[in-house]
Asker: 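One structure is given below, represented as structure tokens, and several questions about it will come after.
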Amino acid sequence: MTTYRLHLRRAASLAEARRAVEETLPAYADVFPSDKAAPILLKPNLNANMNALTGNTTDLRLLCALLGALRDAGYADLTVGEGTNSGFYRNDIGVIARLAVDKAAARFGVPVVDLNHAPGRPVAFENGVTAQVAAPVLDAALVINLPKLKTHFEAGMSVCLKNLMGCLVGQENKKKTHQSLAANILNLSDAVRPGLHIVDAMVAMEGLGPTRGTPLRCDALVFGDDPYVIDLACARLAGFPDAAVRPLAEARRRGRLTPDREAFVAGLSLPLLAGRPFAPPKAGHVATFVHSPKRQKYFLAVRNLRLFRYLAGTDWFGALLFKTGLRQDVFCREEMRLDGLSLDDRACDGCGACRELCPMGLDPASVAASGGDAACIGCLYCYLACPRQALTFHGEPGFLAEQIRQYDALARALYSPCPRQ
């Protein structure tokens with residue numbers, strides 16, 4: 001009988017994430033290549049330019065903790081790779097740079113590759129369709145999957161299995177997945193076969209995911225090597241009915257969610273990470289009607305029309321799609337310019353939230369008070385979540401204005417009230 005592994009670890013800060021990684025990776029030593037010069041690819045979830053505090057994307061604290069641990073262990077050929085959301089890709093918006101993933105990885109000498117622009121290799125999908133998977137993913141000796149724990153209005157939940165859609169090259173290949181979503185997600189998993197999964201539940205998402213939901217501070221990481229076990233366990237951790245997770249339902253139908261996998265998860269003591277079940281991804285009437293599996297093929301046919309693609313690239317039609325819920329993202333073309341942060345020491349009460357949030361391990365209040373630090377990568381986690389609004393942004397917010405509009409109060413509430421230190 002196969003032995004399954006799953007580890008739930010607390011991680012409320014960079015230091016705790018690093019400790020969780022260092023203490024847990026030895027349990028998975030067998031999945032790592034014996035040759036420390038062999039290529040290892042880290043695949044985060046960077047589906048939008050909304051940062052991790054919104055529940056959208058993989059936390060830079062996890063990414064930095066893992067890169068630091070792997071570098072210290074001697075692994076020399078590391079790459080971060082992700083094929084970001086096709087809408088941003090279509091609008092030529094650099095999500096990787098907007099999230100400061102490239103700057104964070106550069107501190108460890110690690111390149112970041114946009115898999116949308118990588119060469120591809122064919123992988124079989126349903127009904128004779130083939131899709132191109134990015135060659136750097138298939139060439140890696142080990143793929144480490146770093147999904148976000150969040151709800152998803154089409155798939156139910158997006159965890160290990162769903163996160164692999166970012167391995168596909170460009171919009172045309174991502175669209176092919178939707179022709180038979182759950183089945184093709186499993187086909188993609190069969191092709192990519194990550195050896196290790198680390199689920200980011202530091203700040204998860206409930207409600208109308210994967211982009212317009214509500215962030216939930218769970219302060220947790222989930223480690224494992226079997227995506228079916230982990231996704232089933234994450235459904236239990238979220239208090240979410242696993243039958244409503246379409247990839248899991250398809251896995252059960254195909255016999256992948258085997259009795260021994262289900263028995264293993266049933267035998268675990270899994271708390272509700274939020275202390276209650278996650279709110280389900282309930283979409284509006286228009287989106288629910290259009291995205292029904294029974295009508296998905298008709299929507300895809302319309303979406304592929306040249307006229308629709310043209311209209312979808314206009315601001316007025318994009319705003320209409322967003323308002324009706326048919327589009328979850330706002331594709332802001334204006335870039336942000338950060339000139340620096342300043343500290344209002346009258347507002348700062350020393351709660352320490354900014355120190356917990358900084359993926360570089362800095363004290364942002366001190367950095368802002370002193371006029372800056374070259375080690376700061378401008379991720380703005382500290383500014384966006386300071387419960388006292390003690391940090392002031394200087395520059396042009398650009399695309400950040402939309403995140404502030406949607407998430408300012410929600411992000412600050414995650415770390416308020418904070419204990420004085």
Asker: In a check of side chain to side chain contact (heavy atoms under 4.5 Å, CB included) between Ile144 and each of Val31, Val80, Leu196, which one passes?
Answerer: Leu196
Asker: Once the angle between the rings of Phe223 and Tyr28 is folded into 0 to 90°, is it parallel (under 30°), tilted (30 to 60°) or perpendicular (over 60°)?
Answerer: parallel
Asker: Restricting to non-hydrogen atoms, name the atom on Pro271 and the atom on Leu8 that form the minimum distance, rounded to 0.1 Å.
Answerer: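 Looking at all heavy atoms of both residues, the closest pair is CD-CD2, 3.9 Å.
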Asker: Is it the case that the side chain of Glu206 and the backbone of Ala279 share a donor-acceptor pair, with hydrogens and angles ignored and the cut-off at 3.5 Å?
Answerer: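 Confirmed, Glu206 side chain pairs with Ala279 backbone.
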Asker: Report yes or no: does Lys148 contribute a side-chain atom to a donor-acceptor pair with the main-chain N or O of Asn56 at less than 3.5 Å?
Answerer: no
Asker: CG/Leu53 to CE/Met202 distance, rounded to the nearest 0.5 angstrom?
Answerer: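 One finds 9.5 Å between CG of Leu53 and CE of Met202.
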Asker: Between Asn187 and Asp190, do the side chains contain an N or O donor and an N or O acceptor separated by less than 3.5 Å?
Answerer: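 No, no side-chain donor-acceptor contact under 3.5 Å.
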Asker: Go through the steps to decide whether Leu161 and Leu188 satisfy the test side chain to side chain contact (heavy atoms under 4.5 Å, CB included), and finish with yes or no.
Answerer: CA-CA 8 Å; Leu161 293 164; Leu188 188 54; over 6 Å; no
Asker: For the atom pair CG (Leu46) and NZ (Lys43), what is the distance rounded to the nearest 0.5 Å?
Answerer: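 With rounding to 0.5 Å, CG (Leu46) is 7.0 Å from NZ (Lys43).
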Asker: So do the side chains of Leu6 and Val265 get within less than 4.5 Å of each other, counting heavy atoms only?
Answerer: no
Asker: To the nearest 0.5 Å, what is the distance between CG (Leu60) and CG (Leu357)?
Answerer: 11.0 Å
Asker: Supply the atom-to-atom distance Leu410 CG to Thr54 OG1, rounded to the nearest 0.5 angstrom.
Answerer: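 These two atoms lie 9.5 Å from each other.
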Asker: Checking Glu22 now: which residues fulfil side-chain hydrogen bond (donor to acceptor under 3.5 Å, both in side chains) with it, not counting sequence neighbours?
Answerer: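 Applying side-chain hydrogen bond (donor to acceptor under 3.5 Å, both in side chains) to Glu22 gives Arg18.
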Asker: Taking only residues two or more places apart in sequence or in another chain, which ones pass side-chain hydrogen bond (donor to acceptor under 3.5 Å, both in side chains) with Tyr381?
Answerer: none
Asker: Does CD in Glu335 sit with more than 12 non-hydrogen atoms of other residues, nucleotides or ligands closer than 6.0 Å?
Answerer: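 Yes, the 6.0 Å shell around CD holds more than 12 heavy atoms from other groups.
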Asker: Less than 4.5 Å apart, side chain to side chain, heavy atoms only: is that true for Asp260 and Tyr4?
Answerer: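 Contact flag for Asp260/Tyr4 side chains = yes.
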Asker: Verify side chain to side chain contact (heavy atoms under 4.5 Å, CB included) between Leu70 and Leu42, making sure each step is shown before the conclusion.
Answerer: CA-CA 11 Å; Leu70 293 176; Leu42 282 61; 4.1 Å; yes
Asker: Verify the distance criterion only: is there a donor paired with an acceptor across the side chains of Arg261 and Tyr228 at less than 3.5 Å?
Answerer: no
Asker: Is a donor on one side and an acceptor on the other found under 3.5 Å between the side chain of Thr151 and the backbone of Gly207?
Answerer: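 Yes.
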Asker: Less than 4.5 Å apart, side chain to side chain, heavy atoms only: is that true for Pro277 and Leu272?
Answerer: yes
Asker: Between Leu66 and Leu25, is there a side-chain heavy-atom distance shorter than 4.5 Å?
Answerer: yes
Asker: For Cys234 and Val159, work out which heavy atoms get closest and say how close.
Answerer: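 Nearest heavy atoms, Cys234 then Val159: SG-CG1, 3.8 Å.
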Asker: Decide yes or no for Leu232 and Leu257: does some side-chain heavy atom of the first lie under 4.5 Å from some side-chain heavy atom of the second?
Answerer: yes
Asker: Determine, stepwise, if the pair Leu149 / Val222 fulfils side chain to side chain contact (heavy atoms under 4.5 Å, CB included).
Answerer: CA-CA 9 Å; Leu149 177 60; Val222 183; 6.0 Å; no
Asker: Under a 3.5 Å distance rule, please check whether Asp200 uses its side chain to pair with a backbone N or O of Asp59 as donor and acceptor.
Answerer: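 Checking the backbone N and O of Asp59 against the side chain of Asp200, a donor-acceptor pair under 3.5 Å is found.
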Asker: Do Pro39 and Thr79 make a side-chain contact, defined as non-hydrogen atoms from C-beta onward lying under 4.5 Å apart?
Answerer: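 No. Closest side-chain heavy atoms not under 4.5 Å.
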Asker: Phe264 versus Asp226: any side-chain heavy-atom pair under 4.5 Å?
Answerer: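 Phe264 does not reach Asp226 side chain to side chain.
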Asker: Output yes when Arg252 and Glu262 qualify as a salt bridge under the 4.0 Å nitrogen-oxygen rule, no when they do not.
Answerer: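 Yes, Arg252 and Glu262 are salt-bridged.
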Asker: Quick one: pull up SG in Cys160 and CD1 in Ile230 and give me the separation to the nearest 0.5 Å.
Answerer: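 Those atoms lie 4.0 Å apart.
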Asker: Can you confirm whether more than 12 heavy atoms, excluding those of Asp339, are under 6.0 Å from its CG atom?
Answerer: yes
Asker: For a side chain to side chain contact (heavy atoms under 4.5 Å, CB included) check, start with the C-alpha distance between Leu341 and Leu380, then their side-chain angles and the critical distance, and finish with the verdict.
Answerer: CA-CA 9 Å; Leu341 298 175; Leu380 296 177; 4.0 Å; yes
Asker: Return yes if some donor-acceptor pair links the side-chain N/O of Thr58 with the main-chain N/O of Leu146 below 3.5 Å, else return no.
Answerer: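 The answer is yes, because a donor-acceptor pair under 3.5 Å joins these two groups.
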Asker: Are Pro247 and Asp231 side-chain neighbours, meaning at least one heavy-atom pair lies under 4.5 Å?
Answerer: no
Asker: Is it the case that the side chain of Arg71 and the backbone of Tyr75 share a donor-acceptor pair, with hydrogens and angles ignored and the cut-off at 3.5 Å?
Answerer: yes
Asker: Quick one: salt bridge (charged side-chain N to carboxylate O under 4.0 Å, His left out) pairs with a partner in residues 118-131, sequence neighbours left out?
Answerer: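 Qualifying pairs, neighbours excluded: Arg121-Asp139, Glu126-Arg254.
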Asker: Using a 3.5 Å distance criterion without hydrogens, assess whether the side chain of Arg61 forms a donor-acceptor pair with backbone atoms of Glu16.
Answerer: no
Asker: Got a donor-acceptor contact below 3.5 angstrom from the Lys36 side chain to the Ala76 backbone?
Answerer: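 Side chain of Lys36 to backbone of Ala76: no pair is present.
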Asker: Sub-3.5 Å donor-acceptor pair from the side chain of Asp373 to the main-chain atoms of Ala375, do we have one?
Answerer: yes
Asker: Indicate the atoms forming the closest heavy-atom contact of Asn49 with Gln403, along with that distance.
Answerer: O-OE1, 3.9 Å
Asker: Kindly compute the distance separating CD (Glu82) from CG (Asn47), expressed to the nearest 0.5 Å.
Answerer: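 Between atom CD of Glu82 and atom CG of Asn47 there are 8.0 Å.
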Asker: Using a strict cut-off of less than 4.0 Å between a Lys/Arg side-chain nitrogen and an Asp/Glu carboxylate oxygen, indicate whether Glu356 and Arg217 qualify as a salt bridge.
Answerer: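 Yes, charged N to carboxylate O under 4.0 Å.
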Asker: Could you tell me whether a side-chain N or O of Arg246 sits under 3.5 Å from a main-chain N or O of Glu154, the two making a donor and an acceptor?
Answerer: yes
Asker: Quick one: closest heavy-atom pair of Ser158 and Asn163, and the distance?
Answerer: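 For Ser158 versus Asn163, the nearest heavy atoms are OG-N, 4.4 Å.
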Asker: Specify the closest pair of heavy atoms between Ala48 and Phe88, including all atoms of both residues, with the distance to one decimal.
Answerer: CA-CE1, 3.6 Å
Asker: Considering all heavy atoms of both residues, which atom of Lys162 and which atom of Met157 are nearest to each other, and what is their separation?
Answerer: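 Heavy atoms only, the tightest pair is CB-O, 4.4 Å.
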Asker: Does a side chain donor of either Lys174 or Asn116 reach within less than 3.5 Å of an acceptor in the other side chain?
Answerer: yes
Asker: Students often mix this up, so state it plainly: with edges at 30° and 60°, are the rings of His117 and Tyr89 parallel, tilted or perpendicular?
Answerer: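 Aromatic pair His117/Tyr89 classed tilted.
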